[in-house]
Amino acid sequence: MLINNAQAAMHHAQKAHRSGMEFFKKSISTREAKRMSLEADLRKAVERRELSLSFQPRLSLQDLKVEAVEALLRWSHPQRGMVPPDEFIPLAEQAA
């Protein structure tokens with residue numbers, strides 16, 4: 001437990017771009033546990049085909065022609081429901 005708490009504090013300090021030192025707080029442990037759980041679920045999401053890709057066209061208002069297309073990744077978690085992209089995209093980027 002001590003090592004896990006130290007790792008959580010270290011991860012928090014690295015993420016905050018501080019001087020490299022952080023005192024452990026219960027809130028850090030809670031956030032880190034949530035992040036680790038979400039990361040583990042994200043790894044399983046690929047195998048379980050929980051991720052979907054949608055395309056959203058951007059139209060020109062003058063002539064109603066497609067100017068560009070935006071790709072949107074969505075995650076439908078079996079217990080959490082739809083996970084917002086701002087929660088799982090940074091995790092995916094860090095894990096890559």
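No hydrogens, no waters, no symmetry mates; every other heavy atom, side chains included, goes into these values.
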Tell me whether L38 shares a hydrophobic cluster with M82, the cluster being built from Ile, Leu, Val, Met, Phe, Trp, Tyr side chains joined at under 4.5 Å. no
Please determine whether residues L64 and V69 belong to a single hydrophobic cluster, defined as Ile, Leu, Val, Met, Phe, Trp and Tyr linked transitively by side-chain heavy-atom distances below 4.5 Å. no
Of the non-hydrogen atoms in [X] and [Y], which two are nearest, and what is the gap between them?
X: E39; Y: L91; result: N-CD1, 3.9 Å
X: P90; Y: P85; result: CD-O, 3.7 Å
X: V83; Y: H77; result: CG2-CB, 3.8 Å
X: F88; Y: L51; result: CE1-CD2, 4.4 Å

Distance (rounded to the nearest 0.5 Å) between [X] [atom1] and [Y] [atom2]:
X: R80; Y: D41; atom1: CZ; atom2: CG; result: 5.0 Å
X: L72; Y: L53; atom1: CG; atom2: CG; result: 7.5 Å
X: R74; Y: S52; atom1: CZ; atom2: OG; result: 8.0 Å

List the steps, then state whether side chain to side chain contact (heavy atoms under 4.5 Å, CB included) holds for W75 with I89. CA-CA 10 Å; W75 181 11; I89 297 288; over 6 Å; no
With side chain to side chain donor-acceptor pair (under 3.5 Å) as the criterion, how do S76 and R48 come out once you've worked through the C-alpha distance, each side chain's angles and the decisive distance to 0.1 Å? CA-CA 10 Å; S76 179; R48 295 179 183 164; over 6 Å; no
Heavy-atom distance under 4.5 Å between the side chains of E70 and R58, does that happen here? no
